[in-house]
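See structure below.
Residue numbering restarts at 1 for every chain, and letters A, B, ... go by the order of the sequence lines. All heavy atoms count here, side chains included; hydrogens, waters and symmetry mates do not. Being a predicted model, the structure only gives us computed values, none of them experimental.
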Amino acid sequence: MTVNALESIEGFRDKWPFAARYVRVNGWRMHYVDEGTGDPVLLLHGNPTWGFLYRDVIPPLVNSGRRVIVPDMIGFGLSEKPAREQAHSLDGHIANLTGLVRQLNLRRATIVCHDWGGPTGLGFAMSNPERARALAVMSTWAWPTPAAEFHTRLFPWRIMHAPLVGPYLLGRHNVLARRGVYLSVVGRDKLCREAQAVYEAILPDAETRLLTWVWPRWIPLDDTARAQARFAWLEAELAKSRLPTLIIWGREDEVFDAATFPERFKRLLPHADGPHMVTGRHFLQEDSGPEIARLIAAFLDRLDKRGGA
Amino acid sequence: MADVAVIAKPAAEGTRQALVLTEDRLGHYPEFRAFFARAFDLDRVGLSEAGFVRAPSGMAYALVFVGRSGEPFPSGLEVYAIVDALEPLDDAMVDKDLWAILGWMIGGVGAPWSVEDLQATGRLYRIPAAG
């Protein structure tokens with residue numbers, strides 16, 4: 001039904017011509033696309049998007065000689081959407097990604113992370129360093145203190161996903177895919193023309209939107225948070241990591257604000273390339289997809305020339 | 001907005017309970033669980049009966065509390081509209097009622113949570129019931 005709804009959106013296939021592939025991970029059906037040949041590049045989305053977020057990034061990366069793999073997180077996109085909150089955990093999502101990478105037997109993978117694709121993708125890379133070649137981070141975080149000042153505010157963040165309020169606003173009214181994405185891009189006309197209907201149609205019913213309010217509840221705000229220990233581990237592992245890393249950020253990002261977050265990643269990973277600032281708010285791929293692809297391809301070209309990793 | 005009242009169990013004859021909202025993690029912020037425990041005397045009542053409220057439309061809603069091993073009670077909550085047994089829901093009316101129930105809940109939970117913040121959030125996200 002979801003696929004039919006997408007197909008009925010004018011121009012959808014022009015923007016998303018990629019073959020759907022599926023694999024079963026941790027008992028769930030995971031959708032992914034797998035295009036091109038060469039060293040693998042994994043493009044990881046977050047909340048409430050899916051692989052479609054990378055539609056302008058995939059073709060240039062493929063044309064640069066890379067194999068581009070874009071999974072939909074379990075709970076989003078064309079992947080299976082569990083019906084219960086208890087089906088989701090940060091560790092579980094890291095394990096889901098690990099299941100995909102092992103089944104595809106990927107090596108020398110570059111992990112490109114956005115939003116919740118950060119904690120999951122970086123968690124995968126730190127626990128499977130033999131399969132990772134490089135990292136790229138965009139509008140995400142990897143430490144246990146409150147992710148951003150934005151996430152500590154009652155209005156509009158914490159009240160949006162409070163008990164019962166979350167299922168009402170994000171479930172019944174799909175506000176994150178409808179209004180949330182819209183408010184977090186620079187080019188809103190372009191979003192409305194190209195993508196808004198797709199982001200809404202992929203989450204057609206309240207129960208399919210579960211993860212849109214579950215993920216916000218996994219952001220640690222204090223020492224009692226469920227994911228506190230995992231984020232502390234992640235930060236410590238990243239601090240030891242020597243994996244080549246690329247930092248890309250949206251100049252207009254207000255969620256993981258551009259003034260502090262890229263610099264914090266730079267302090268955590270001093271060897272990182274960047275930060276490279278592009279036009280964009282939180283969903284910077286919507287505004288700067290081709291430029292992001294160029295930055296990633298150039299970064300990987302430099303690694304290739306160095307014979308790196 | 002908070003024109004919601006706790007009521008006694010309404011007559012069930014000729015009605016059905018239609019599930020309209022589910023919360024799997026009522027204690028995500030523990031003060032929300034504490035509010036419902038206070039409002040419905042749940043430390044005494046436990047799982048023996050649901051709680052009931054009347055919403056601004058006049059329709060009654062059943063609040064069914066869910067227990068989960070290893071977690072404080074209640075761990076979850078299901079909201080049911082009590083409607084004529086064979087009639088479909090008036091979804092717009094239910095939506096307004098649910099918004100009012102959320103306002104009643106936030107008001108009952110108390111500071112730092114506020115109905116004003118809830119209303120502002122509803123307006124930001126263009127929820128029809130938020131005006």
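Checking side-chain atoms of D24(B) against main-chain N and O of E85(A) turns up a donor-acceptor pair under 3.5 Å.
Annotation: side chain of V165(A) is in contact with side chain of M105(B) (closest heavy-atom distance under 4.5 Å). Between L164(A) and F36(B), some side-chain heavy-atom pair lies under the 4.5 Å cut-off. Between L154(A) and P112(B), some side-chain heavy-atom pair lies under the 4.5 Å cut-off. Between L124(B) and L183(A) there is a side-chain heavy-atom pair separated by less than 4.5 Å. By the 4.5 Å heavy-atom criterion applied to side chains, I127(B) and R179(A) are not counted as neighbours. Residues Y29(B) and H161(A) have side chains in contact (heavy-atom distance under 4.5 Å, counting atoms from C-beta outward). A heavy-atom distance below 4.5 Å is not found between the side chains of Y125(B) and R178(A). Counting heavy atoms from C-beta outward, R33(B) and P163(A) have side chains that stay 4.5 Å or more apart.
In D189(A), the CG atom is not crowded: 12 or fewer heavy atoms of neighbouring residues, nucleotides or ligands sit closer than 6.0 Å. Atom NZ of K9(B) has 12 or fewer heavy atoms from other residues, nucleotides or ligands within 6.0 Å.
Neither the backbone nor the side chain of A130(B) comes within less than 4.5 Å of any heavy atom of chain A. Heavy atoms of V109(B) lying under 4.5 Å from chain A are absent altogether. For R68(B), the part lying under 4.5 angstrom from a heavy atom of chain A is the side chain only. Within the 4.5 angstrom heavy-atom criterion, only side-chain atoms of R126(B), from C-beta onward, approach chain A.
The two residues R172(A) and V94(B) come nearest to each other via the heavy atoms NH2-CG1, 4.2 Å.
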Run R158(A) and W113(B) through side chain to side chain contact (heavy atoms under 4.5 Å, CB included) and show every step you take. CA-CA 10 Å; R158(A) 290 173 63 201; W113(B) 303 91; 4.1 Å; yes
Using salt bridge (Lys or Arg N to Asp or Glu O under 4.0 Å), reason through E23(B) and R217(A) one step at a time and then give a plain yes or no. CA-CA 13 Å; E23(B) 173 55 67; R217(A) 295 177 178 183; 2.7 Å; yes
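Note: D117(B) CG to M160(A) CE = 13.5 Å, rounded to the nearest 0.5 Å. Going from atom OH of Y168(A) over to atom CG of L118(B) covers 9.0 Å, rounded to the nearest 0.5 Å.
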